Novice: 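The structure is given below, and queries will be raised subsequently.
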Amino acid sequence: MKFGIYLPSQIEDKKLPVIYWLSGLTCSEANFIEKSGAQRYAQEYGVVIVNPDTSPRGLNISGDKDNWDFGEGAGFYVDATEEPWKKNYNMFSYVTKELIEIISTNFNVIEGTQSIMGHSMGGHGALICALKNPGLYQSVSAFAPICNPSKCAWGRKAFEGYLGPQETSNWSDWDATELVKVYNGPPLCLFIDQGAADKFLQEEQLLPNNLVEACKIAKVPIILNKREGYDHSYFYISSFIGEHIKHHSGYLQK
Ligand SMILES: N[C@@H](CCC(=O)N[C@@H](CSC=O)C(=O)NCC(=O)O)C(=O)O
């Protein structure tokens with residue numbers, strides 16, 4: 001598994017906190033490095049940023065390259081239970097356990113002081129990693145996340161393939177809108193960004209209002225920043241990534 005890591009210069013003198021970034025469909029670790037513009041903010045706020053790939057690669061599992069929204073580049077941050085995916089497609093465990101261990105063993109970071117953010121499929125990933133592991137991350141944020149995957153075409157296709165049919169497997173355990181209803185942990189505010197001109201919002205792949213409604217019922221705080229005129233792209237992400245890093249830094253530098 002490849003990942004990117006940005007190390008600000010302060011790391012030569014002291015241990016620093018970490019922000020994990022989870023990318024969206026079709027991305028490798030390169031998209032965030034090349035397009036987000038996050039590095040100058042990581043330097044300004046003194047945080048390490050780690051950005052993993054979005055799936056295992058090079059396994060040549062039958063069908064793993066047939067779709068841009070399933071298989072390679074589309075691991076969906078779940079632990080698969082279905083053949084032929086279940087041996088390797090365990091992105092949830094990779095991100096929340098193995099990767100954290102690799103980073104804390106090999107870099108000068110403050111163990112246990114970390115936040116998570118992501119985009120689209122990776123926004124869904126960031127939300128479920130935080131909601132399923134109360135206290136593991138100090139804060140969570142997302143750009144245009146897939147908020148209710150059980151109810152949108154991208155999510156249903158991925159869950160069906162990796163987890164099995166909805167009738168016989170527990171999709172709710174992997175869906176932020178369902179997880180928020182049963183969240184039981186330290187106070188956690190969901191910090192969400194959404195471009196108002198995002199075509200995937202219009203196509204009902206993202207469903208942020210479902211998450212907002214669930215948060216209201218569960219009394220989990222949520223901030224939804226609607227950005228007029230912005231789409232789903234990395235141009236949009238690069239416009240607001242500084243705000244997200246500042247937000248996380250407020251929790252990580254306490
Ligand atoms: N091929 C698709 C579009 C794929 C796409 O837009 N991917 C997004 C994430 S979407 C949700 O997870 C992305 O981040 N792309 C990489 C980039 O560098 O922009 C289509 O044709 O619609």
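Bear in mind that the values here come from a model prediction, so they are computed numbers and not experimental data. Count residues from 1 along the sequence. All ligand and atom numbering here is 1-based and tracks the order in the structure.
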Novice: Take a 6.0 Å sphere around NZ of K151 and say whether it holds more than 12 heavy atoms from other residues, nucleotides or ligands.
Specialist: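 Counting other residues, nucleotides and ligands, NZ of K151 stays at 12 neighbours or fewer.
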Novice: Between NZ of K181 and CG of L211, what distance do you get to the nearest 0.5 Å?
Specialist: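 Taking NZ in K181 and CG in L211, the distance rounds to 10.0 Å.
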Novice: Tabulate below the donor-acceptor pairs under 3.5 Å that side-chain atoms of residues 123-141 make, not counting sequence neighbours, or state none.
Specialist:
from : atom 1 : to   : atom 2 : distance (Å)
H124 : NE2    : F76  : O      : 2.9
K132 : NZ     : D173 : O      : 2.8
N133 : ND2    : C129 : O      : 2.9
Q138 : OE1    : Q114 : N      : 2.8
S139 : OG     : S115 : OG     : 2.7
S139 : OG     : H248 : ND1    : 2.7
S141 : OG     : H244 : ND1    : 2.8
S141 : OG     : H248 : NE2    : 2.8

Novice: Before giving the answer on ring pair (Phe, Tyr, Trp, His ring centres under 6.0 Å), spell out for F70 and Y162 the whole-Å C-alpha distance, their side-chain angles and the decisive distance to 0.1 Å.
Specialist: CA-CA 9 Å; F70 187 79; Y162 296 132; 4.4 Å; yes
Novice: Listing by chain and number, which residues have a heavy atom under 4.0 Å from ligand 1?
Specialist: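 Within the 4.0 Å shell of ligand 1, which is judged on heavy atoms, sit G24, L25, T26, C27, N31, K35, W68, H119, S120, M121, W154, K199, F200, H232, Y234.
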Novice: Please list all pairs meeting ring pair (Phe, Tyr, Trp, His ring centres under 6.0 Å) that have one or both residues in residues 24-51, counting only residues at least two apart or in different chains.
Specialist: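 The answer is W21-F32.
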Novice: Not counting sequence neighbours, which residues clear ring pair (Phe, Tyr, Trp, His ring centres under 6.0 Å) with W174? List them please.
Specialist: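 Scan of W174 (ring pair (Phe, Tyr, Trp, His ring centres under 6.0 Å), adjacent residues dropped) gives F92.
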